[in-house]
Amino acid sequence: MNRDFALGCVCIALATMIFSTMEVLLKLPAVAGAFHPLQITMERFLVGGLCLIPVAAHALKKRGIRLTAADLRYFALTGLLNVPLGMVFYQLAITCGQANIVAVIFSGNPIFVTMLAFLILHEAIHWNNILALVFEILGILAIMNPFGGGSFSVKSILLTILAALFFALYAVMGKKKTAQVGSIVVTCCSFLFGAAELFLILLLGRTGPGRAFFGAVGLELFQDVPFLQGINLTTLPYFLFIGIVNCAAGYVFHMLAIEKTSATHGSLVFFFKPILAPIVALAVLGEAITSPIILGILMFLIGSLLGILPEALRVRKASRALEDAAPRP
């Protein structure tokens with residue numbers, strides 16, 4: 001095992017642990033009871049983006065790149081897909097549902113990325129990707145337990161699926177730009193643009209016309225959202241941890257994992273998260289791991305393995321073919 005691969009494995013472990021606490025932290029009474037759900041969504045990405053500025057600036061300087069107006073427009077689009085759309089749905093799903101269920105279903109986003117990359121970027125899709133999607137759909141149905149009269153929130157599950165789809169679309173749209181400027185730059189700029197866009201939307205909800213519009217379309221949650229509510233010495237550690245560790249550090253470790261290993265190995269984060277996150281939710285929030293949830297987790301794990309293993313074997317085979325074709329000294 002070379003040094004880069006070993007570092008990548010450490011980053012996979014760190015990213016998994018960080019991402020597995022996200023839903024639980026956002027569900028804690030000290031957070032959910034203190035902050036408006038849209039306020040914490042906007043502010044955690046603002047803090048995360050600000051923390052990534054020095055790293056992104058260094059990456060741009062190292063590559064000798066200056067961002068253009070076209071780049072900024074692109075980041076405005078990816079930011080919109082990620083924060084005001086994907087992460088707002090994600091936060092609302094956590095607010096009205098169980099953290100463990102949201103964590104498990106959201107972990108299926110790599111399969112959505114594969115499907116959207118096929119539709120938008122015309123990337124190759126294989127039999128295992130389609131089969132993986134089938135198992136993840138079965139996993140969602142198992143969690144919903146339609147014939148068992150489960151106490152799940154249908155609204156939360158639908159919101160989580162929407163969040164995973166928009167997050168996957170954000171990831172697919174960011175792929176081309178990532179190849180040009182690097183993943184850290186894309187993440188930092190998307191965080192900042194997304195936070196700014198959500199801020200403008202929430203600012204609109206504090207005006208008379210905006211308040212009337214959101215009320216007319218059934219989006220009262222966007223009306224009069226506070227920006228400083230709940231920030232005090234008691235909640236500040238949670239606030240900073242969510243912004244700096246969960247958002248900034250979590251994304252950096254995940255990207256380093258992909259950079260030092262491969263995209264296939266990096267997706268292991270979302271293989272281990274459905275196992276670890278429900279355990280954390282049980283220990284911290286007391287959310288029971290019921291039989292439908294266990295069955296759903298198993299389906300998601302099978303789907304993840306179907307998505308990861310064949311691709312890893314293809315990459316390994318291609319690597320060996322290149323080694324065999326290389327001239328011998």
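Being a predicted model, the structure only gives us computed values, none of them experimental.
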Participant: For a quick test of reading the model, state the closest non-hydrogen atom pair linking Asp71 to Thr68 and the distance between them.
Facilitator: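 Heavy-atom minimum between the residues: OD2-N, 2.9 Å.
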Participant: Indicate yes or no for a side-chain donor-acceptor contact from Glu23 to the backbone of Val102 under 3.5 Å, with no hydrogens or angles considered.
Facilitator: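 A pair under 3.5 Å: no.
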Participant: If you round to the nearest 0.5 Å, how far is CG of Leu221 from CD of Gln223?
Facilitator: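 CG of Leu221 is found 9.0 Å from CD of Gln223.
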Participant: Main chain of Gly303, side chain of Glu136: is a donor-acceptor contact present, judged purely on distance under 3.5 Å?
Facilitator: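 Not at all, since once roles are kept as given, no pair shorter than 3.5 Å links the two residues.
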Participant: Backbone N or O of Val104 within a donor-acceptor pair of the Lys273 side chain at under 3.5 Å?
Facilitator: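 Looks like no, no N/O pair under 3.5 Å.
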Participant: Treating Ile, Leu, Val, Met, Phe, Trp and Tyr as nodes and any side-chain heavy-atom pair under 4.5 angstrom as an edge, say whether Val280 and Tyr238 lie in one connected cluster.
Facilitator: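 Yes, because Val280 and Tyr238 connect within a single hydrophobic cluster, where side-chain heavy atoms sit under 4.5 Å apart.
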Participant: Nearest 0.5 angstrom please: Lys61 NZ to Ile65 CD1, how far?
Facilitator: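 Spacing of NZ (Lys61) from CD1 (Ile65) equals 14.5 Å.
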Participant: Does any N or O in the side chain of Ser156 come within less than 3.5 Å of the main-chain N or O of Ala93, such that one atom is a donor and the other an acceptor?
Facilitator: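 Yes.
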Participant: Considering only heavy atoms from C-beta outward, does the side chain of Ile184 approach that of His58 to under 4.5 Å?
Facilitator: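 A side-chain contact under 4.5 Å is absent here.
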Participant: Within the structure provided, determine whether His254 and Phe270 are in side-chain contact (heavy-atom separation under 4.5 Å).
Facilitator: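 Touching, per the 4.5 Å side-chain cut-off.
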Participant: As an exercise, state the distance from CE of Met173 to CG of Leu77, rounded to the nearest 0.5 Å.
Facilitator: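 Interatomic distance, Met173 CE to Leu77 CG, rounded to 0.5 Å: 5.0 Å.
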Participant: Does the side chain to side chain contact (heavy atoms under 4.5 Å, CB included) test come out yes or no for Asn100 and Leu282, once each step is laid out?
Facilitator: CA-CA 8 Å; Asn100 55 8; Leu282 173 64; over 6 Å; no
Participant: For Gly174 and Thr178, work out which heavy atoms get closest and say how close.
Facilitator: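 Minimum heavy-atom separation between Gly174 and Thr178: O-OG1, 2.6 Å.
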Participant: If you take all heavy atoms of Lys175 and Ala117, which pair is closest and at what distance?
Facilitator: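 Scanning both residues completely, I find the closest heavy atoms to be NZ-CB, 4.3 Å.
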Participant: At their closest point, which heavy atom of Gly296 faces which heavy atom of Ile143, and how far apart are they?
Facilitator: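 So the two residues come closest at CA-CG1, 3.9 Å.
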Participant: Is any side-chain heavy atom of Thr78 less than 4.5 Å from a side-chain heavy atom of Asn82?
Facilitator: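 Heavy-atom side-chain distance check fails, nothing below 4.5 Å.
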Participant: Given the ring of Phe241, does Arg44 sit roughly above its face, with NZ or CZ under 6.0 Å from the centre of the six-membered ring and within 45° of the axis?
Facilitator: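 Here Arg44 fails the 6.0 Å and 45° test against Phe241.
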Participant: Asn246 side chain to Gly243 main-chain N or O, any donor-acceptor pair under 3.5 Å?
Facilitator: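 A pair under 3.5 Å: no.
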Participant: Please tell me whether Leu276 and Leu285 are part of a single hydrophobic cluster in this structure, the criterion being side-chain heavy atoms less than 4.5 Å apart.
Facilitator: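 Linked within one cluster.
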Participant: Closest approach of Val83 and Ser190, non-hydrogen atoms and distance?
Facilitator: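 So the minimum-distance heavy-atom pair works out to CG2-O, 4.4 Å.
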Participant: Out of curiosity, does Leu80 fall in the hydrophobic cluster containing Leu162 (side-chain heavy atoms, cut-off under 4.5 Å, transitive links)?
Facilitator: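 Yes, same cluster.
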Participant: Look at the side chain of Thr21 and the backbone N and O of Ile18, then say whether any donor-acceptor pair between them is shorter than 3.5 Å.
Facilitator: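 Yes.
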Participant: Any idea which heavy atoms bring Leu301 and Phe271 closest together, and the distance?
Facilitator: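 That would be CD2-O, 3.2 Å.
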Participant: Would you check, one step at a time, whether the test salt bridge (Lys or Arg N to Asp or Glu O under 4.0 Å) holds for Glu220 with Arg211?
Facilitator: CA-CA 8 Å; Glu220 290 82 2; Arg211 196 179 297 113; over 6 Å; no
Participant: Can you list the steps and then say if Phe227 with Glu43 is a side chain to side chain contact (heavy atoms under 4.5 Å, CB included)?
Facilitator: CA-CA 8 Å; Phe227 296 135; Glu43 291 174 351; 4.2 Å; yes
Participant: Okay, side chain of Asn232, backbone of Thr235: is any donor-acceptor separation there less than 3.5 Å?
Facilitator: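 Present.
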Participant: A side-chain contact here means heavy atoms from C-beta on lying under 4.5 Å apart; do Tyr90 and Phe167 qualify?
Facilitator: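 No - every pair of side-chain heavy atoms lies 4.5 Å or more apart.
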Participant: Kindly compute the distance separating SG (Cys189) from CG (Leu67), expressed to the nearest 0.5 Å.
Facilitator: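 Answer for the SG-CG pair, Cys189 versus Leu67, is 5.5 Å.
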Participant: Taking the side chain as every heavy atom from C-beta outward, state whether Phe239 and Phe35 have any pair of such atoms under 4.5 Å apart.
Facilitator: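 Sidechains of Phe35 and Phe239: in contact.
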Participant: Test side chain to side chain contact (heavy atoms under 4.5 Å, CB included) on Phe193 and Leu72 and set out the steps.
Facilitator: CA-CA 9 Å; Phe193 270 98; Leu72 298 181; 4.0 Å; yes
Participant: Rounded to the nearest 0.5 Å, what separation is found between the CG atom of Leu92 and the CG atom of Leu158?
Facilitator: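 The distance works out to 12.5 Å.
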Participant: Check whether any side-chain heavy atom of Val134 lies under 4.5 Å from a side-chain heavy atom of Leu138, and answer yes or no.
Facilitator: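 Touching, per the 4.5 Å side-chain cut-off.
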Participant: Check whether more than 12 heavy atoms from other residues, nucleotides or ligands sit under 6.0 Å from atom CG of Leu228, and answer yes or no.
Facilitator: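 Result for CG/Leu228: open.
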Participant: Side-chain contact test, heavy atoms from C-beta onward, threshold under 4.5 Å: evaluate it for Thr160 versus Phe89 and give yes or no.
Facilitator: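 With C-beta onward as the side chain, the pair stays apart.
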Participant: About how many Å separate CG of Leu116 and CG of Leu165, when rounded to the nearest 0.5 Å?
Facilitator: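 These two atoms lie 6.5 Å from each other.
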Participant: Given the rule that I, L, V, M, F, W and Y join up when any side-chain heavy atoms are under 4.5 Å apart, are Val245 and Met42 in one cluster?
Facilitator: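 Same cluster.
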Participant: So does Ala99 get a backbone contact from the side chain of Glu287, meaning a donor-acceptor N/O pair under 3.5 Å?
Facilitator: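 The answer is yes, because a donor-acceptor pair under 3.5 Å joins these two groups.
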Participant: Take Gln98 and Ile293, measure what side chain to side chain contact (heavy atoms under 4.5 Å, CB included) needs, and give me the verdict at the end.
Facilitator: CA-CA 11 Å; Gln98 293 180 212; Ile293 292 176; 4.1 Å; yes
Participant: Is it the case that the side chain of Thr207 and the backbone of Leu203 share a donor-acceptor pair, with hydrogens and angles ignored and the cut-off at 3.5 Å?
Facilitator: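 Not at all, since once roles are kept as given, no pair shorter than 3.5 Å links the two residues.
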Participant: Cluster question for you: counting only ILVMFWY and a side-chain heavy-atom cut-off of under 4.5 Å, with indirect links fine, are Phe191 and Phe75 together?
Facilitator: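 No, because Phe191 and Phe75 fall into different hydrophobic clusters, even though each may have its own neighbours under 4.5 Å.
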Participant: Examine distances only and state if a side-chain atom of Asn128 and a backbone atom of Leu306 form a donor-acceptor pair shorter than 3.5 Å.
Facilitator: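 Yes; judged by distance alone, with no hydrogens or angles, the pair exists.
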Participant: Would you say Asn129 and Ile111 make side-chain contact, with heavy atoms under 4.5 Å?
Facilitator: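 No, side chains not in contact.
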